[in-house]
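Only one structure is covered here, and it is reproduced in the block below.
Just so you know, these numbers come straight off a predicted model, no measurement behind them. Atom set for the values below is all heavy atoms of this structure, side chains included, hydrogens, waters and symmetry mates excluded.
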Amino acid sequence: MVNPYSAYKKQSVQTMTPVEVVIKMYSEIERQLAIGVCAIDELKDYAKANDALIKAQELIGALRGVLDMSVPISKNLEDLYIFFQNETMKANIKKNTSEIQKIIPMIADLRDAFTQISQMTKEEIEAQAKANSKK
């Protein structure tokens, strides 16, 4: 028997635009990092922290893996993703959340930027890109 919630969840993911998928991934990265911070600082549950931080690293790796390097901003995003992965790895090894605390706001900013992009029309995006190329 099919679980109605699972079917709904699968359908909602399949109908998302690529930008919506990226936004969802950023949100999940934030969630996993928050779980990692809580598991380290409050629960002292290092196995749970390890699991959450590895999930965050895998999600960041997935974002990195789908970058279209023909798009100019992709190199900058790749550098950020490498930084995020390294900081998450260091935090996991040291069980120190200071590395995580500094990247969570950066990931939130990226999520917010992609959310704004998702709400723009194609013409607005093209006009913004044209304006930025003149700078």
Nearest 0.5 Å, what's the [atom1]-[atom2] distance between [X] and [Y]?
{"X": "Thr88", "Y": "Glu99", "atom1": "OG1", "atom2": "CD", "result": "9.0 Å"}
{"X": "Glu28", "Y": "Arg31", "atom1": "CD", "atom2": "CZ", "result": "4.0 Å"}
{"X": "Gln85", "Y": "Tyr81", "atom1": "CD", "atom2": "OH", "result": "10.5 Å"}

Give the minimum heavy-atom separation between [X] and [Y], together with the two atoms involved.
{"X": "Ala91", "Y": "Leu53", "result": "C-CD1, 4.4 Å"}
{"X": "Ile40", "Y": "Ala49", "result": "CG1-CB, 3.4 Å"}
{"X": "Ser118", "Y": "Val19", "result": "CB-CG1, 3.6 Å"}

*Quick check: does any side chain N or O of Thr97 sit under 3.5 Å from a backbone N or O of Ile100, one acting as donor and the other as acceptor?*
no

*Within the side chain of Gln101, is there an N or O that forms a donor-acceptor pair under 3.5 Å with the backbone of Ser98?*
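No.
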
*How would you list, by chain and number, every residue that makes a salt bridge (charged side-chain N to carboxylate O under 4.0 Å, His left out) with Lys75, sequence neighbours excluded?*
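By the salt bridge (charged side-chain N to carboxylate O under 4.0 Å, His left out) rule, Lys75 matches Glu78, Asp79.
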
*salt bridge (charged side-chain N to carboxylate O under 4.0 Å, His left out) with Lys95: which residues, sequence neighbours excluded?*
none

Name the atoms and distances for all side-chain donor-acceptor pairs under 3.5 Å in residues 103-117, with sequence neighbours left out.
{"unit_1": "Arg111", "atom_1": "NH1", "unit_2": "Glu30", "atom_2": "OE1", "d": "2.0"}
{"unit_1": "Arg111", "atom_1": "NH1", "unit_2": "Glu30", "atom_2": "OE2", "d": "3.0"}
{"unit_1": "Thr115", "atom_1": "OG1", "unit_2": "Arg111", "atom_2": "O", "d": "2.8"}

*Honestly curious: do Ile35 and Val37 fall in one hydrophobic cluster under the side-chain, below-4.5 Å linking rule?*
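No.
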
*Applying the 4.5 Å side-chain criterion to the ILVMFWY set and letting contacts propagate, would Val22 and Ile82 be lumped into a single cluster?*
no

*Should side-chain heavy atoms under 4.5 Å link Ile, Leu, Val, Met, Phe, Trp and Tyr, which residues sit in the same cluster as Ile93?*
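Members alongside Ile93: Met89.
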
*Just jot down the side-chain contact (heavy atoms from CB on, under 4.5 Å) partners of Asp51, sequence neighbours excluded, or say none.*
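Residues passing side-chain contact (heavy atoms from CB on, under 4.5 Å) with Asp51: none at all.
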
Side-chain donor/acceptor pairs under 3.5 Å, residues 57-69, sequence neighbours excluded:
{"unit_1": "Asp68", "atom_1": "OD1", "unit_2": "Ser70", "atom_2": "N", "d": "3.0"}
{"unit_1": "Asp68", "atom_1": "OD1", "unit_2": "Ser70", "atom_2": "OG", "d": "2.6"}
{"unit_1": "Asp68", "atom_1": "OD2", "unit_2": "Ser70", "atom_2": "OG", "d": "3.3"}

*With a 4.5 Å heavy-atom cut-off, do Asn50 and Ile54 have their side chains touching?*
yes

